[in-house]
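Right, one structure below, let's go through it.
In each ligand, atom 1 is the first atom listed, and ligand 1 is the first ligand listed. The chain is numbered in sequence order, starting from 1.
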Amino acid sequence: MRLSLAGLVVLALALVRAAPIEPTELHSKAAQGLRLLDLAEDAEPVWKTEDEKLELMRAGVHFFDVTETYEIEQQIPKSALRAPAATFPAPSQQTTVTRIIATLSTANMQASLTTLSNFNNRYYRSSTGADASTWILTTVRSIISGKSGISASNFAHSWGQSSTIVKFAGRDTSAPVTILGAHMDSINLSSPTSGRAPGADDDGTGTVNLIETLRALVAAGFTPATPLEFHWYSGEEGGLLGSNAVAANYANNGVRVKAFMELDMTGYFRPGSTEVVALEADYIDTGLNNFLKQVVTTYTRLPVTMDTPCGYACSDHASWFKYGIPTSMPFEAVTGNDNPRIHSSSDTISQSGFSWAHSLEFAKIAVAFAVELTS
Ligand SMILES: *[C@@H]1O[C@H](CO)[C@@H](O)[C@H](O)[C@H]1NC(C)=O
Ligand SMILES: [Zn+2]
């Protein structure tokens, strides 16, 4: 995610209303390898080649790649789904949450992140990106092995790297689902397919926070009253591809979602800056953020603060926000004190400013979010 700037020029160019794109045009352009991008809210999507898309990414422009979700999105009246600020009760599961967060292990997270960052890259269109997805599925399958009421599966895409989904059925299987997400892919912006992109912080940290949260919940024998899911998304760096596909699929299937929280970069704060949990300020639900502020205060050692707005299509929470679902994203630092080495070969575990003690606080938030909202 991130690296914002620019965008405004593109926005100005895209403000002309047009008729919906016909299925024949959609399919023939996609078959030619063109990609359909949403560059701004309420603007018409534009067709770009993969090279043009990469140029936008290098310029720091954020977008949704809606090539594969356009038809579903046309059928769903998004504005009608946009809910007012949701309300969530104050944290009340201190006994359970405190017991489980005491078992979170930074050594486990370090071991997982070492494996993930050792893939040459986790680009969603590279073979090592697909290998990373396979490793995540294998890892979560082994965590939930032999447990009833928990399942793991891949959510396949038209590109090589699948998203991975773990589901706790919950005692009331028909209740709305609580979802925690992170993105598994990484990118070297100068050479995506073959360049080195350890993606340790972006978003190896969020990825391993959720793996460790899952492990701790399962080890504690936690059985949620309502459904709980963990999502590891493919292709966030390519225009929120994985989360956009999963959110469209859930909307299309009428899956009700109670709340969504994204963890995208949790392991860095600028050396010398004040260590905080920064809540993203746009494409989020203020009610869910109010709940998260209490979670951070109750369960972590860090102060909570608001970040500056991150902008359109900034990370996977935006894919769910489109459908009126309450979303939040606790971020490693306020913008400016966040990681400057993402999307490069320097985003490693050993970089200056990387901190497991910091990232651990976000795993605590994930445990609390899961337990408080599904108990
Ligand atoms: C991309 O990877 C190559 C080598 O694999 C490296 O030389 C280059 O610096 C990387 N680009 C970035 C932006 O880190
Ligand atoms: Zn990211």
Side-chain angles (χ1 to χ4, degrees), residues 1-4 54-65 113 116-129 132-133 136 161 163-164 180-211 231-244 246 260-269 278-280 282-284 307 310-320 327-333 335 338-352 354 358-359 362 366:
M1 65 155 283
R2 312 228 115 210
L3 285 182
S4 46
L54 193 53
E55 284 311 316
L56 286 172
M57 287 151 64
R58 287 176 179 144
V61 176
H62 292 145
F63 51 80
F64 287 97
D65 182 332
L113 190 54
L116 285 169
S117 57
N118 278 344
F119 288 105
N120 180 47
N121 60 55
R122 304 189 300 277
Y123 188 54
Y124 68 100
R125 304 176 71 203
S126 76
S127 60
T128 49
S133 168
I136 290 171
Q161 181 185 62
S163 297
T164 300
L180 292 89
H183 70 88
M184 64 169 74
D185 63 313
S186 69
I187 190 168
N188 170 320
L189 267 184
S190 51
S191 177
T193 311
S194 60
R196 178 81 180 109
D201 189 28
D202 184 13
D203 180 24
T205 49
T207 296
V208 304
N209 289 157
L210 294 194
I211 293 172
H231 293 185
W232 291 268
Y233 298 119
S234 164
E236 188 266 0
E237 305 289 7
L240 314 184
L241 279 158
S243 57
N244 202 44
V246 174
F260 175 84
M261 182 179 78
E262 172 81 354
L263 291 182
D264 185 359
M265 299 167 62
T266 70
Y268 176 97
F269 61 101
L279 299 183
E280 286 309 331
D282 53 354
Y283 300 93
I284 51 77
D307 198 357
C310 179
Y312 186 71
C314 160
S315 187
D316 294 312
H317 60 293
S319 295
W320 295 95
T327 62
S328 276
M329 182 167 116
F331 187 55
E332 62 189 9
T335 301
D338 60 323
N339 196 325
R341 300 188 194 94
I342 62 171
H343 307 163
S344 80
S345 52
S346 312
D347 183 12
T348 62
I349 305 181
S350 58
Q351 68 188 299
S352 162
F354 190 97
H358 189 63
S359 188
F362 292 80

* With side chains defined as the heavy atoms from C-beta onward, is the minimum distance between R196 and N120 less than 4.5 Å? -> yes
* Asked: How wide is the angle at the Zn ion (ligand 2) between OD1 in D202 and OD2 in D264, to the nearest 10°?
  -> 150°
* Can you tell if the side chain of Q161 reaches within under 4.5 Å of the side chain of D185, non-hydrogen atoms only? -> yes
* Measure the shortest side-chain to side-chain distance between L279 and I284 over non-hydrogen atoms and say whether it is less than 4.5 angstrom. => no
* Decide whether D201 and Q351 meet the rule of one side-chain donor and one side-chain acceptor closer than 3.5 Å. => no
Present, as a list of atom pairs with distances to 0.1 Å, all nitrogen or oxygen contacts under 3.5 Å between ligand 1 and the protein.
unit_1	atom_1	unit_2	atom_2	d
ligand 1	2 (O)	N188	ND2	2.3
ligand 1	2 (O)	R196	N	3.2
ligand 1	5 (O)	R196	N	3.0
ligand 1	11 (N)	N188	OD1	3.1
ligand 1	11 (N)	N188	ND2	3.1
ligand 1	11 (N)	S190	OG	2.7
ligand 1	14 (O)	S345	N	2.8
ligand 1	14 (O)	S345	OG	3.3

* No-hydrogen, no-angle side-chain donor-acceptor test under 3.5 Å, S345 and N188 -> no
* To do: Examine F362 together with H358 and report whether their ring centres are nearer than 6.0 Å.
  => yes
* Asked: Would you call S186 and D202 a side-chain contact if the rule is heavy atoms closer than 4.5 Å?
  -> no
* For the Zn ion (ligand 2), which N, O or S atom of H183 is at the shortest distance? -> NE2
